[in-house]
Amino acid sequence: MLQHIDSSLRDLNEPLIDHAEGQFFLNEAFKIIMEEVLSNGTDVKQKVCEWKEPEELALLLDLGVRETGEPRDKLLQRVRDVAKYSIKTSHPHFFNQQYGGVDYHSLAGRFLTEALNTNLFTYEVAPVFVLMENEVLRGLRQLVGWTEGDGIFCPGGSTSNMYAMNLARYQRFPQVKSQGVWALPRLSIFTSPESHYSVKKGAAFLGIGLDNVIFVKVDDRGRMIPEDLDEKIELSKSQGAVPFLVSCTSGTTVQGGFDPLDHIADICDKHKLWMHVDACWGGSVLFSKKHRHLMKGVDRANSVAWNPHKMLVAGLQCSALLLKDTTNLLKQCHSANATYLFQQDKFYDVNLDIGDKSVQCSRKVDCLKLWLMWKAVGSTGLEERVDKAFIHARYLVEQMKKREGFQLLSMPDFVNVCFWFVPPSLRGKEGTEDYQEKLAKVAPVIKERMMKQGTMMVGYQPLGNKVNFFRVTVFSPLLSQKDMDFFLDEIERLGKDL
């Protein structure tokens with residue numbers, strides 16, 4: 001029974017939100033976004049970041065929420081503060097991650113997605129985007145080399161990789177859906193030690209277990225060695241496990257290595273294993289006639305994960321899982337047949353209700369940003385971006401060879417350039433006992449200095465027995481050769497006294 005309605009509420013005939021005030025606020029907030037994020041945030045004369053220690057930043061932002069609301073002017077200042085103290089990932093000198101830069105057509109798509117605020121699960125609530133997602137996925141599958149298939153946009157490449165594991169397991173052991181892991185033998189997955197950590201996370205999440213992720217040897221550029229894969233599959237079988245999936249990588253996170261897909265496909269065919277390709281980083285080479293050879297054999301895979309929000313700059317997040325399967329495996333594996341959403345007696349084709357392909361219920365529209373960008377520049381424009389990124393990487397490598405103190409790990413296959421900066425105090429001392437220990441400290445100090453000064457951002461990491469080195473990825477369409485020169489000059493400036 002309804003209880004007494006609080007008389008302090010506004011007139012029930014009036015909405016709680018004032019549209020005129022809300023739209024005025026939104027318009028003013030957009031002006032700040034345009035100024036702080038898209039103008040200052042892409043200007044090489046401005047800082048990449050305004051570094052503050054956590055305690056100071058929390059005080060500046062006044063993060064606590066309260067019982068009563070705040071006036072418009074104060075809220076707009078909060079918008080400005082959030083923009084000011086956030087990292088400017090669209091800045092040409094943001095080299096820190098495998099996303100960055102900005103495409104304005106894609107950004108318009110992101111704004112439109114947020115304004116429409118729909119859920120991509122049924123045709124009745126998302127008719128435009130059901131059709132659009134299908135078409136965009138079809139276009140991506142064609143680049144892989146498939147005329148038929150399936151797919152779905154996922155909330156990130158890690159999820160795409162986990163989906164592939166789940167699908168591979170379900171195809172081999174469909175009883176897992178009803179009976180669980182108790183009905184299965186011990187399974188094993190094969191990948192390289194330079195693959196994305198989501199392979200391990202997926203194995204843990206799906207109950208396969210970290211101990212059953214078997215790492216295959218790689219060469220000095222981080223590429224899986226097929227002969228070792230074959231040997232490890234045979235060994236796993238002899239130990240009583242059931243191999244079911246090989247997770248290859250096209251564009252490893254650190255070195256940018258591309259596993260030899262054709263050779264791996266031969267082995268997967270031999271052992272009847274699902275072949276998944278994590279091409280979240282490197283998949284965009286498929287747009288390029290010059291560089292698509294790096295993924296020769298990808299058409300033989302069962303599934304491919306590809307993140308257009310990385311090299312294509314479609315904006316976070318835009319992650320596609322592509323499948324060769326034509327048996328509706330996605331839906332068979334993940335469906336729960338919720339009758340309040342997926343009624344079978346609707347007045348339109350219920351095959352357009354795609355929500356049961358996903359493990360999610362609420363699913364954001366991630367296709368519009370890519371579709372609008374693709375429409376704007378075409379496949380030719382996207383190919384040009386990929387090719388230009390390779391040119392920038394080659395230029396950077398050639399310039400490093402001319403400068404003292406820059407030491408490459410190896411010649412890159414992709415647009416990841418990995419190197420040590422050896423400061424003057426360590427040059428010529430490579431054979432000394434504490435050389436590696438001292439070299440390991442160089443990158444963290446340079447990173448701290450660049451962030452506190454706000455001049456640029458680039459990542460570093462160790463790898464195996466290699467001590468900390470820098471990894472710079474160059475792919476933003478905003479980059480020029482001047483930015484490559486600035487990068488090298490800045491590394492030298494920040495590290496010359498170490």
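It should be emphasised that the depicted structure is a prediction, and the values quoted were computed from it without experimental measurement.
Listed for the His309 side chain is no donor-acceptor partner under 3.5 Å among the backbone atoms of Leu316. Judged purely by atom type and a 3.5 angstrom limit, Ser476 uses its side chain to pair as donor or acceptor with the backbone of Leu478. Looking only at distances, a side-chain donor or acceptor of Thr252 sits under 3.5 Å from a matching main-chain atom of Gly256. Here the side chain of Ser195 pairs no donor or acceptor atom with the backbone of Thr191 at under 3.5 angstrom. The backbone N or O of Ala20 sits less than 3.5 Å from a side-chain atom of Asp18, completing a donor-acceptor pair. No donor-acceptor pair under 3.5 Å is formed between the side chain of Asp259 and the backbone N or O of Leu261.
Classification of the Phe390-His291 ring pair by plane angle, with boundaries at 30° and 60°, yields parallel. Using cut-offs of 30° and 60° for the angle between ring planes, the Tyr99 and Phe94 rings count as tilted. Below 30°, between 30° and 60°, or above 60°: for His93 and Phe95 the angle between ring planes is below 30°, a parallel geometry.
Atom CG of residue Leu294 and atom OG of residue Ser250 lie 8.5 Å apart, to the nearest 0.5 angstrom. Atom CG of Leu321 and atom NZ of Lys357 lie 11.0 Å apart (nearest 0.5 Å). Rounding to the nearest 0.5 Å places CG of Leu107 at 5.5 Å from CG of Leu38.
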Let's go through Cys248 and His276 carefully: what are the C-alpha distance in whole Å and the side-chain angles of both, what is the deciding distance for side chain to side chain contact (heavy atoms under 4.5 Å, CB included) to 0.1 Å, and is it a yes or a no? CA-CA 6 Å; Cys248 320; His276 174 62; over 6 Å; no
Checking Lys401 against Phe406 for the side chain to side chain contact (heavy atoms under 4.5 Å, CB included) test, could you report, in this order, the C-alpha distance in whole Å, the side-chain angles of both residues, the deciding distance, and whether it holds? CA-CA 7 Å; Lys401 290 178 180 179; Phe406 289 89; over 6 Å; no
For Lys364 and Glu114, run salt bridge (Lys or Arg N to Asp or Glu O under 4.0 Å): C-alpha distance rounded to whole Å, both residues' side-chain angles, the deciding distance at 0.1 Å, then the answer. CA-CA 9 Å; Lys364 192 177 181 66; Glu114 294 299 326; 2.3 Å; yes
Run the side chain to side chain contact (heavy atoms under 4.5 Å, CB included) test on Leu368 and Leu112 for me, step by step, so that the C-alpha distance in whole Å, both residues' side-chain angles and the decisive distance to 0.1 Å come before the verdict. CA-CA 8 Å; Leu368 174 57; Leu112 183 53; 3.8 Å; yes
Criterion ring pair (Phe, Tyr, Trp, His ring centres under 6.0 Å) on Phe258 and Phe414, from CA distance to verdict: CA-CA 8 Å; Phe258 284 75; Phe414 194 30; 5.1 Å; yes
Can you check side-chain hydrogen bond (donor to acceptor under 3.5 Å, both in side chains) on Ser303 and Trp274, steps first, answer last? CA-CA 8 Å; Ser303 56; Trp274 182 291; 2.8 Å; yes
Could you walk me through whether Phe287 and Trp374 pass the side chain to side chain contact (heavy atoms under 4.5 Å, CB included) check? CA-CA 11 Å; Phe287 275 101; Trp374 204 339; 3.7 Å; yes
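Nearest heavy atoms, Ser362 versus Asn119: CA-ND2, 3.2 Å. Closest heavy-atom contact between Ser158 and His196: OG-CE1, 3.4 Å. For Trp420 against Leu439, the heavy-atom pair with the smallest separation is CD1-CD2, 3.7 Å. When all heavy atoms of Leu61 and Val82 are compared, the closest pair comes out as CD2-N, 4.3 Å. Across Pro155 and Gln360, no two heavy atoms sit closer than the pair CD-OE1, 3.2 Å. The minimum heavy-atom distance between Ala203 and Val213, with the atom names listed, is CB-CG2, 3.4 Å.
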Which donor-acceptor pairs under 3.5 Å do side chains of residues 47-55 form with protein atoms, sequence neighbours excluded?
residue : atom : partner : partner atom : Å
Trp51   : NE1  : Glu53   : OE2          : 3.2

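Under the 3.5 Å distance criterion, with hydrogens and angles disregarded, a donor-acceptor pair is assigned to the side chains of Asn161 and Ser198. Donor-acceptor pairing under 3.5 Å is lacking for the side chains of His392 and Asp483. Inspection of the Thr253 and Trp281 side chains reveals no N or O donor paired with an N or O acceptor under 3.5 Å. In summary, the side chains of Ser188 and Asn212 do not present any donor paired with an acceptor at a separation below 3.5 Å, with no hydrogens or angles considered. Between the side chains of Asp485 and Tyr395, at least one donor-acceptor pair of N or O atoms lies under 3.5 Å. Side-chain contact, Lys447 with Asn96: a donor N or O sits under 3.5 Å from an acceptor N or O. In this structure, a donor-acceptor pair under 3.5 Å is absent between the side chains of Ser288 and Glu383.
Under the salt bridge (charged side-chain N to carboxylate O under 4.0 Å, His left out) criterion, the residue pairs touching residues 449-476 are Glu448-Lys452, Arg449-Asp497, with sequence neighbours excluded. Residue pairs meeting the salt bridge (charged side-chain N to carboxylate O under 4.0 Å, His left out) criterion with at least one member in residues 88-108, sequence neighbours excluded: Asp103-Arg385. Residue pairs satisfying the salt bridge (charged side-chain N to carboxylate O under 4.0 Å, His left out) criterion with at least one member in residues 20-41, sequence neighbours excluded, are listed as follows: Glu21-Arg72, Glu28-Lys31, Glu35-Arg80, Glu36-Arg80. Pairs passing the salt bridge (charged side-chain N to carboxylate O under 4.0 Å, His left out) check and including a residue from residues 408-419, sequence neighbours excluded, read Arg221-Asp413, Arg223-Asp413.
Residue-environment remark: NZ (Lys200) stays at or below the threshold of 12 foreign heavy atoms within 6.0 Å. Within a 6.0 Å sphere centred on NZ of Lys201, other residues, nucleotides and ligands contribute 12 heavy atoms or fewer. Dense packing is recorded around NZ of Lys177, with more than 12 heavy atoms of other residues, nucleotides or ligands lying under 6.0 Å away. For Gln46, the CD atom sits in a packed shell: over 12 heavy atoms of surrounding residues, nucleotides or ligands are nearer than 6.0 Å.
Applying the side-chain contact (heavy atoms from CB on, under 4.5 Å) test between Thr432 and each of Lys429, Glu430, Gln436 identifies Lys429 as the sole match. A side-chain hydrogen bond (donor to acceptor under 3.5 Å, both in side chains) with Asp62 is found for exactly one of Lys74, Arg78, Gln77, namely Arg78.
Listed by chain and residue number, nothing satisfies the side-chain contact (heavy atoms from CB on, under 4.5 Å) test with Lys496 (two or more places apart in sequence, or in another chain).
Residues Thr473 and Phe475 meet the side-chain proximity criterion, which asks for heavy atoms closer than 4.5 Å.
Here the two rings, on Tyr163 and His334, have centers that are under 6.0 Å apart.
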